[in-house]
Amino acid sequence: MNRQRVVIISLCIFLGFYLLLAATAFNHSKDLNVPCKALHVEIEKGVIEGYLTPQEVTKMIADDGLYPVGKTVDQINIRAIEDSLRAKELIETAECYKANNGNVCVRVKERIPVVRVMSDNGEDYYVDNTGNQMNKSDYVCNLIVATGHIDRNYARRVLAPIGNIVMASPLWRNQIEQINVLADSTVELVPRVGNHILYLGKPVGVTRKLERLRKFYQYGLSKAGWDQYSRISVELDNQIICKKRDTQTKKTH
């Protein structure tokens, strides 16, 4: 009697397991025929605001013939979408997956150009937030332009970090329009507002130097007048040296 009961229980367990597998397989098979109704694109946010929009990423996918909306789940090639996006100049990484409802989700991390280099040797290219070189792109506008004595190593080591600092600050992002590298590798900045040159000197402690400039803009230059000086230097610690436009004398603050 006990043996018969064990057999019956075993058969019930086996039958239940079989039915579960069959139902799962049936549902999976049916899910493959579900049409994709939407493509959701998310662009990873960083400290520096990027240039790409979800609409532009969607267009990239569509231009490569991989737009998933209207296709059934089994017709959508997730790997092909990822590979297509990773090959784009402005995209660093891309992840793509199918949601339970059949829709497709894409998440990209953007390569963000922070400086356009137009060096004395005739080179013209972009440098991104990681220091890597980028070709010129139609998506990029209003970038800081770097001119002067610049080789690619200097652009990677020096200009990319300066570009990151400037682009991360709403004040300096709107105020600085040009970085000029002198023959001795020191740096000066050309502002959009004010007829003066901002001299940083050696490109070290840039964040600290710009903070001193910010305070001088707020408490000094706003009262003295934006065209009072032709040159403002924060090269030396704990002081700002200004060259007056009219008398050509130096004044220390």
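Numbers here simply count residues along the sequence, with the first being 1. Heavy-atom basis, side chains included; hydrogens, waters and symmetry copies ignored.
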Answer yes or no: does atom [atom1] of [X] have more than 12 heavy-atom neighbours from other residues, nucleotides or ligands under 6.0 Å?
X      : atom1 : answer
Lys109 : NZ    : no
Gln178 : CD    : yes
Arg192 : CZ    : yes

After noting the C-alpha distance and the side-chain angles of Tyr199 and Val234, does the key distance pass the side-chain contact (heavy atoms from CB on, under 4.5 Å) rule?
CA-CA 6 Å; Tyr199 183 67; Val234 289; over 6 Å; no

Between the main-chain N or O of [Y] and the side-chain N or O of [X], is there a donor-acceptor pair closer than 3.5 Å?
X      : Y      : answer
Lys244 : Ser230 : no
Asn180 : Glu188 : no
Arg107 : Val41  : no
Arg156 : Gly131 : no
Asn103 : Ala99  : no
Asn164 : Asn129 : yes

What I'd like to find out is whether the side chain of [X] reaches to under 4.5 Å of the side chain of [Y], using heavy atoms alone.
X      : Y      : result
Lys209 : Leu213 : no
Gln175 : Val193 : yes
Glu44  : Glu110 : no
Leu39  : Tyr67  : yes
Ile162 : Ile179 : yes
Leu171 : Leu210 : no
Val57  : Leu85  : yes
Arg208 : Asp237 : yes

[X] and [Y]: which non-hydrogen atoms are nearest, and at how many Å?
X      : Y      : value
Pro68  : Val104 : CB-CG2, 3.8 Å
Leu159 : Ala146 : CD1-CB, 3.7 Å
Val115 : Gly163 : CG2-CA, 3.9 Å
Cys36  : Ala38  : SG-O, 3.2 Å
Gly194 : Pro191 : O-CG, 3.8 Å
Ser185 : Pro203 : O-CD, 3.7 Å

Co-membership, hydrophobic cluster, residues [X] and [Y], 4.5 Å side-chain:
X      : Y      : answer
Leu182 : Val145 : no
Ile81  : Val69  : yes
Val166 : Ile197 : no
Tyr125 : Met118 : no
Tyr154 : Ile176 : yes

Is Arg111 salt-bridged to Glu92, going by a charged N under 4.0 Å from an acidic O?
no

Is a salt bridge present between Asp124 and Arg116, judged by a nitrogen-to-oxygen distance below 4.0 Å?
yes

Say you draw a straight line from [atom1] of [X] to [atom2] of [Y]; how long is it, rounded to the nearest 0.5 Å?
X      : Y      : atom1 : atom2 : value
Glu82  : Ile78  : CD    : CD1   : 7.0 Å
His196 : Ser233 : NE2   : OG    : 12.5 Å
Leu66  : Ser84  : CG    : OG    : 5.5 Å
Phe216 : Arg214 : CZ    : CZ    : 13.5 Å
Glu89  : Met134 : CD    : CE    : 4.5 Å
Arg79  : Asp83  : CZ    : CG    : 6.0 Å

For Ile240 and Ile232, what are the C-alpha separation, side-chain angles and deciding distance, and is it a side-chain contact (heavy atoms from CB on, under 4.5 Å)?
CA-CA 7 Å; Ile240 298 176; Ile232 301 171; 3.6 Å; yes

Verdict with reasoning, Leu200 to Leu189, per side-chain contact (heavy atoms from CB on, under 4.5 Å):
CA-CA 8 Å; Leu200 298 184; Leu189 307 176; 3.9 Å; yes

What verdict does the side-chain contact (heavy atoms from CB on, under 4.5 Å) test give for Asp64 and Met60, after you've listed the backbone C-alpha separation in whole Å, the side-chain angles of each residue and the deciding distance to 0.1 Å?
CA-CA 6 Å; Asp64 287 345; Met60 291 177 182; 5.6 Å; no

Test side-chain hydrogen bond (donor to acceptor under 3.5 Å, both in side chains) applied to Gln75 and Thr72, step by step:
CA-CA 5 Å; Gln75 294 175 324; Thr72 58; 3.2 Å; yes

